[in-house]
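In what follows, a single structure is set out as structure tokens and then discussed.
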Amino acid sequence: MGSAGALVGAGVLGGIGQWLAGPDVEASRRAIGPFRLAKRAPKIPAGADFAKAGTPTIITSNEDFYTIHTAFVVPRLRAEDWQLRIHGMVDNPMTLTYDDLRARPLVERTLTLACVSNPVGGDLISTANFVGVDLAEVLAEAGIRRGAEQLFSTSHDGFTAGTPIDVVTERDRGSMLAIGMNGVPLPVEHGFPVRMVVPGLYGFVSATKWLVDLEVTTWKARTPYWLPRGWAREAPVKTHSRIDTPRGEVKAGKVTVAGTAWAPHTGIEAVEVRVGEGDWQPAQLATEVSKDTWRMWRATVDLPSGTHRIACRATDRSGYTQTGEEAPVAPNGATGWHSIEVTAT
Ligand SMILES: Nc1nc2c(c(=O)[nH]1)N[C@H]1C(S)=C(S)[C@@H](COP(=O)(O)O)O[C@H]1N2
Ligand SMILES: [Mo]
């Protein structure tokens with residue numbers, strides 16, 4: 001980690017942050033090599049997207065995966081220097097190194113991650129194949145004591161999140177200490193070397209990047225970063241749908257409307273569309289990948305010439321249908337139906 005190497009990095013990537021932070025993190029990433037997986041994610045089934053009609057693909061590339069963090073300069077931690085302390089209300093406090101994590105059974109899971117700041121119709125949502133260790137298993141080894149309420153996670157840059165202990169310890173939740181993303185070590189901006197991912201919860205309460213400390217504690221004892229800033233303590237991802245196509249002008253007649261719907265860890269049951277104040281009509285759903293991933297849909301609507309507003313709404317597997325009532329993103333996620341205006345000529 002000589003300063004000369006860091007300066008070269010700054011020149012190549014054009015980031016002063018690299019120069020400020022020093023360690024050659026890309027070299028550390030490159031040295032990691034392929035992961036040996038104990039369990040691969042099921043292959044994405046055929047027909048899981050309507051990308052030809054304009055929906056996203058199920059897997060978002062690492063380049064296109066949305067990025068949100070408070071850090072002005074992205075933390076640059078080398079895997080070989082990384083340690084995770086697990087402590088607080090546990091019987092067996094522990095400290096894990098990167099090699100400790102790699103030596104455990106590595107699982108791969110296809111998971112959709114969403115940001116609470118995503119406005120209706122927004123794109124702060126992506127899906128990746130995450131590789132890592134099962135967090136519930138690690139916490140079971142640590143031995144959670146009675147009375148514990150939150151898993152308080154701290155990033156190298158001081159960001160903190162509080163995740164309900166009953167959620168992260170659920171055996172079938174699939175919470176992870178993730179080290180890989182779409183076949184490679186986590187990109188630096190997505191939390192290298194290790195981050196948390198909890199299916200079904202917004203990132204700000206669960207997806208701590210550049211993770212260095214996990215404290216099992218009560219809600220009273222520790223206050224996560226966003227809580228005093230007007231955001232909620234507990235924040236499951238709200239059921240949503242979005243129209244991805246068409247945009248702008250279309251030819252009058254039969255028009256394909258297509259988009260995305262998500263209800264992470266619950267699953268999507270149905271999507272409906274309507275034109276103007278017309279009846280809701282069912283959309284065709286793409287093949288489901290799992291309840292933890294977004295689901296693509298399409299529908300054909302009849303558009304006479306003129307300007308139309310097209311809206312969509314999703315129903316999840318709990319039977320809940322998205323409310324049309326509009327709520328802002330704070331404190332726990334926007335609500336409302338996404339709609340677009342198209343002109344048919
Ligand atoms: N260290 C750190 N981790 C963080 C955040 C942050 O600001 N700092 N933001 C969280 C939020 S709000 C979201 S939505 C997700 C986004 O993860 P991504 O950038 O990989 O998409 O990271 C979470 N983890
Ligand atoms: Mo977020």
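Quick note: residue numbers are just sequence positions, from 1. Computed from a prediction, not measured in an experiment: that's the story for all the values here. When a ligand or atom number is given, it counts from 1 through the structure's own listing order.
- Panel note: side chain Asn62, backbone Met181; a donor-acceptor pair is recorded below 3.5 Å.
- Ligand 1 has no N or O atom lying under 3.5 Å from any N or O atom of Cys115, backbone or side chain.
- Put simply, the side chain of Val237 does not reach to within 4.5 Å of the side chain of Ile125, judged on heavy atoms.
- Among protein heavy atoms, the minimum distance from atom 8 (N) of ligand 1 is reached at Phe159 CG, 3.2 Å.
- Between Glu189 and ligand 1, no N or O atom pair is found at a separation short of 3.5 Å.
- Counting atoms of ligand 1 from 1 in the listed order, those under 4.0 Å from a heavy atom of Asp157 are 1 (N).
- Atoms of ligand 1 found under 4.0 Å from any heavy atom of Thr208, numbered from 1 in the order shown, are 3 (N), 24 (N).
- Ring geometry, Trp231 versus Trp226: the interplanar angle exceeds 60°, so the pair is classed perpendicular (tilted spans 30 to 60°).
- In this structure, atom 19 (O) of ligand 1 lies nearest to the protein heavy atom Lys209 NZ, 2.5 Å.
- Residues Arg274 and Asp279 are not paired through a salt bridge, judged by the lack of any N-O separation under 4.0 Å between the basic side chain and the carboxylate.
- Of the protein's non-hydrogen atoms, Ala207 O, 2.9 Å is the one closest to atom 24 (N) of ligand 1.
- When all heavy atoms of Ala161 and Phe204 are compared, the closest pair comes out as CB-O, 3.5 Å.
- The atoms of ligand 1 that sit less than 4.0 Å from any heavy atom of Phe65 are 21 (O).
- Considering only heavy atoms from C-beta on, Glu249 stays 4.5 Å or farther from Val342 through its side chain.
- For the pair Tyr66 and ligand 1, the shortest N or O to N or O distance falls below 3.5 Å.
- Taking only nitrogen or oxygen atoms, main chain and side chain alike, Ala71 does not reach within less than 3.5 Å of ligand 1.
- Near Ser155, the atoms of ligand 1 lying under 4.0 angstrom from a non-hydrogen atom of the residue are 1 (N).
- In this structure, Ile32 and Arg102 have side chains that are in contact, with non-hydrogen atoms separated by less than 4.5 Å.
- Within ligand 1, the atoms closer than 4.0 Å to a non-hydrogen atom of Thr70 are 6 (C), 7 (O), numbered from 1 in the order shown.
- For His69, no nitrogen or oxygen atom sits less than 3.5 Å from a nitrogen or oxygen atom of ligand 1, counting backbone and side chain alike.
- No path of Ile, Leu, Val, Met, Phe, Trp and Tyr side chains, each step under 4.5 Å between heavy atoms, connects Tyr320 with Trp337, placing them in separate hydrophobic clusters.
- Although no hydrogens or angles enter the test, the distance criterion places no donor-acceptor pair under 3.5 Å between the side chain of Thr127 and the main chain of Thr293.
- Of the possible donor and acceptor atoms, none in the side chain of Thr154 sits under 3.5 Å from a partner among the backbone N and O of Thr160.
- Ligand 1 has Arg195 within reach: a non-hydrogen atom of the residue lies less than 4.0 Å from it.
- Using a 4.0 Å cut-off between heavy atoms, Trp226 makes no contact with ligand 1 at all.
- One N or O on the side chain of Asn118 and one on the backbone of Asp123 form a donor-acceptor pair closer than 3.5 Å.
- Taking atom 9 (N) of ligand 1 as the reference point, the nearest protein heavy-atom neighbour is Ile68 O, 3.4 Å.
- Shown in contact with Phe204 at under 4.0 Å from a heavy atom are these atoms of ligand 1, numbered in order with element: 11 (C), 12 (S).
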